There are 2 protein chains.
Amino acid sequence: MVRMADVARAAGVSVMTVSNVLNERLPVGEETRARVMAAVEDLGYEVNLTARHLRAGRTDTVAFVVPSFHDYFGELADQVAPLIEAQGRHLVLERTSANAQQEMEALSVARLQTYDGVLLSVAGLDLEQLGLVRTAKPIVVLGERDVPDHLNHVRLANESGAALATAHMLERGSRRILALGCSFDAAHMMTTDRRVGWEHAYREAGLTPDPAYVVPVSDYTSRGGREAMLDVIASGLPFDGVFAVTDIVALGALSALVDAGLRVPDDVQLAGFDNLDMSRFIPPGITSVDANHEGVAEAAVRLLHRQMSGWTGPAEHVVAPVRLVVRGSTRGDS
Amino acid sequence: MVRMADVARAAGVSVMTVSNVLNERLPVGEETRARVMAAVEDLGYEVNLTARHLRAGRTDTVAFVVPSFHDYFGELADQVAPLIEAQGRHLVLERTSANAQQEMEALSVARLQTYDGVLLSVAGLDLEQLGLVRTAKPIVVLGERDVPDHLNHVRLANESGAALATAHMLERGSRRILALGCSFDAAHMMTTDRRVGWEHAYREAGLTPDPAYVVPVSDYTSRGGREAMLDVIASGLPFDGVFAVTDIVALGALSALVDAGLRVPDDVQLAGFDNLDMSRFIPPGITSVDANHEGVAEAAVRLLHRQMSGWTGPAEHVVAPVRLVVRGSTRGDS
DNA sequence: GCCGTGCGTTGTATCGATATATTGAGCGCG
DNA sequence: CGCGCTCAATATATCGATACAACGCACGGC
């Protein structure tokens, strides 16, 4: 590896002069600068960022830690990246590996401190694990779980979103709406909050939600949604609407409904949550609660930036508002 | 920030002893070790990885540089991650920002050398830009462009994949198959290669491909695919099949076809490329060329690992084979 | 002719952890 | 009682870039 000292020797100057040429920190004579640049070109020198980071105590880099690189997180990350870059920093994505347990304790926490700040997306982590994130680093937690008070947190308005979608389908004539992928599992806040929203919409409409219509999925994939949906159909439970906990699950449900010969939205209305890019285009268009990537990204970056700027006030807990995007999978005005 | 020296002082030992306790390098007396561990706990010490990396000359980290965190790349990254981790290394995703031009020259190349190796996915970069990636770092290029000979490269069998999909639709009765999103643009290898595959299938079947059926898209999104498809429909050009250059584009095409009242696959057969997760579930199931993430990931990681282990033989250019996954958007045996 | 000013350049300490060589204490054995 | 051996613990140099203070030199003013 070619070091700055090598360049200095080749150009017949001191290392500091090389550094000053490259960083334009102190002024350097024109003729000297030219000699240095020539040597840099010649040797193919590139600054060692690791050394610079150590010396500077900063990396100008922010990590976004996600459970997987897929779908929702990929889309959100694409929103976050430009905002971080606008601050002159750089964004990298890290994945909490499969074995979140040991990972969190052993490696990740130590690794995170190579970054100036961390956006931590919690899906697989529970409160207890979050408790041991006691790093002094600026950190903002994203996601639908409860987090310790002292951590900055951005989440979606899950309840109101689910209620919007459900109310919309009730309004358009559905009376038996499945809450697919929702749950009563207190440990899984997202699916629970969305179930509560579903219940609220029922009550708001003067109806009583039936717990039998809360149908769990084995995993939050299209496959999981499809299988749960097929089970419901096979069981004979009558239904005329599906609120799926995510668009991914909704897609699985749609696949099952079509296979079973049920028409969407004529026989069954369908709505999801997240408003993924694809949801607009999947025929007949999936009605979905927009996950407000823009708002979430903006809030998260703002909170993070504030911490990185030295602010040490109390943590903020932002609930990003959501809105319903109506498409062909639910019925028009009747 | 609490340094190793702070721990050493608190425990009444030298820094090396602390280091030895934490890294289990040289043996340390039981009683001393306990004192050190207590001090570590007490002060909440965490090793400074930047310093360690500088000293060690390694970071045990590999970067996967992608044009966006979305879709195809997100899925591929999820395949790559476990393979890298199996080598005791860590994977992070970096995004080539919008202004690839300056980015490539100024920052990225320097940044890349904080990693032990780099997987570089080229979509927005052209050959010339790749030329200036003259770093000595282990690097493997992924993607459908031509790359300089000296760089290790993994690509898909684009031509044969496109031919598979086209031949399949020809076999099942289509005679006028659009090559949607394909092109004659020599600078855009992927769309060109896939067009060539489409042509081959025609010739192989004793038919002559009509260049009028090569329809470009404004961008490689579902929106772009949808708009191009709508234009074709409006133009009155007769067609009975669509080979879309990617599944994302295919989804847009499907959306347009359904809106136009065309039945898939009865009126128009449709096939895509990439076999994204969603393609299996989007009714009626999108026939697609599987992008062989597993094979691509495996080859890329293998080539990278070889370089990181010190191998300096000639670069290898791997063409990962693909296969066709038949679903409902094309017709069954007739 | 001497001193002050300003600009360009350089030497040295530092960031925090670790590899290597070395010191020191304890113990067995002749 | 002393020599050598082992094992634990330490001192120091190093990774590569940069902040800071100091230095040398040319030039202008009196």
Side-chain angles (χ1 to χ4, degrees), chain A residues 1-37 39-40 43-61 107 109-116 135-137, chain B residues 1-37 39-40 43-61 107 109-116 135-137:
Chain A
M1 172 173 291
V2 37
R3 303 186 307 299
M4 197 177 262
D6 300 323
V7 175
R9 193 170 326 109
V13 296
S14 73
V15 287
M16 273 319 295
T17 299
V18 178
S19 174
N20 284 328
V21 168
L22 294 177
N23 300 308
E24 300 182 332
R25 176 177 207 74
L26 299 183
V28 175
E30 195 45 58
E31 193 258 352
T32 314
R33 139 176 280 107
R35 267 211 327 283
V36 169
M37 288 310 286
V40 166
L43 303 178
Y45 170 77
E46 265 164 24
V47 66
N48 181 325
L49 288 182
T50 304
R52 173 182 288 176
H53 292 163
L54 174 59
R55 181 69 239 245
R58 296 178 293 118
T59 60
D60 293 324
T61 302
L107 288 173
V109 175
R111 178 183 324 287
L112 295 189
Q113 48 95 336
T114 64
Y115 301 109
D116 287 355
T135 173
K137 281 280 165 214
Chain B
M1 173 172 289
V2 36
R3 305 186 306 299
M4 196 177 263
D6 300 323
V7 176
R9 193 169 329 110
V13 297
S14 72
V15 287
M16 272 320 295
T17 300
V18 177
S19 175
N20 286 327
V21 167
L22 294 177
N23 300 307
E24 301 182 330
R25 178 175 206 75
L26 299 183
V28 175
E30 195 44 58
E31 193 258 351
T32 312
R33 137 176 281 109
R35 263 207 333 280
V36 169
M37 289 309 286
V40 166
L43 304 177
Y45 170 77
E46 265 164 23
V47 66
N48 181 324
L49 289 181
T50 304
R52 174 182 288 175
H53 292 162
L54 173 60
R55 181 68 239 240
R58 295 177 294 116
T59 59
D60 293 325
T61 301
L107 289 171
V109 175
R111 180 187 326 289
L112 296 189
Q113 47 95 336
T114 63
Y115 301 109
D116 287 356
T135 174
K137 281 281 164 212

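Every heavy atom of this structure was used, including side-chain atoms; hydrogens, water molecules and symmetry mates were not. Residue numbering restarts at 1 for every chain, and letters A, B, ... go by the order of the sequence lines. What you are looking at is a predicted structure, and each value in this text was computed from that prediction instead of being measured.
A:Met4 places its CE atom 14 Å from the P atom of C:dT10, with the value rounded to the nearest Å. What separates CD of A:Gln113 from P of C:dG16 is a distance of 11 Å, to the nearest Å. Atom CG of A:Leu26 and atom C1' of D:dA19 are 9 Å apart (whole Å). Rounded to an integer number of Å, the gap from B:Leu22 CG to C:dA19 P is 13 Å. At whole-Å resolution of the value, CG in A:Asn20 and P in D:dA19 are 9 Å apart. One atom, CZ of B:Arg9, and another, P of C:dG16, lie 12 Å apart when rounded to the nearest Å. If you take CE of A:Met16 and C1' of C:dT12, they are 11 Å apart, rounded to a whole angstrom. Rounded to an integer number of Å, the gap from CG of A:Leu49 to P of D:dA17 is 10 Å.
The residue among A:Arg3 and A:Arg25 whose nearest nucleotide of DNA chain D lies closer to the 5′ end is A:Arg3. Residue-to-nucleotide proximity on DNA chain D shows that, of B:Ala51 and B:Ser14, the 5′-proximal contact is made by B:Ser14.
Atom CG of residue B:Leu22 and atom OG1 of residue B:Thr17 lie 11.0 Å apart, to the nearest 0.5 angstrom. The CZ atom of A:Arg55 sits 14.0 Å away from the OG1 atom of B:Thr50 when rounded to the nearest 0.5 Å. Taking CD from A:Gln113 and CG from B:Asn48, the interatomic distance works out to 5.5 Å, rounded to the nearest 0.5 Å. Distance check: A:Tyr45 OH to A:Met37 CE gives 11.5 Å after rounding to the nearest 0.5 Å. Distance CE/A:Met4 to CG/A:Leu43: 12.5 Å, rounded to 0.5 Å.
For C:dT18, the OP1/OP2 oxygens have a side-chain nitrogen or oxygen of B:Asn23 closer than 4.0 Å. For B:Thr17, a side-chain nitrogen or oxygen approaches OP1 or OP2 of D:dT10 to under 4.0 Å. In terms of phosphate contacts, A:Asn48 brings no side-chain nitrogen or oxygen within less than 4.0 Å of OP1 or OP2 of D:dC15. For D:dA8, neither phosphate oxygen OP1 nor OP2 lies less than 4.0 angstrom from any side-chain nitrogen or oxygen of B:Thr32. Distances shorter than 4.0 Å separate some side-chain N or O of B:Tyr45 from OP1 or OP2 on C:dA17.
Nearest heavy atom pair, residue A:Val36 against residue A:Val7, reads O-CG1, 4.2 Å.
Near DNA chain D, meaning a heavy atom under 4.0 Å away, the residues from residues 52-61 of chain B are B:Leu54, B:Arg55.
The backbone N or O of B:Asp60 sits less than 3.5 Å from a side-chain atom of B:Asp116, completing a donor-acceptor pair. Side-chain N or O atoms of B:Thr114 include none that pairs as donor or acceptor with a backbone N or O of A:Leu49 at under 3.5 Å.
Within 4.0 Å of A:Val18, counting heavy atoms only, lies no atom of the nucleic acid at all.
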What's the verdict on side chain to side chain contact (heavy atoms under 4.5 Å, CB included) for A:Lys137 and A:Leu112, showing C-alpha distance, side-chain angles and the deciding distance? CA-CA 8 Å; A:Lys137 281 280 165 214; A:Leu112 295 189; 5.7 Å; no
Mind listing the N/O atom pairs, protein and nucleotides 5-7 of chain D, below 3.5 Å?
none

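Looking only at side-chain heavy atoms (C-beta outward), A:Glu24 and A:Arg33 come within less than 4.5 Å of each other.
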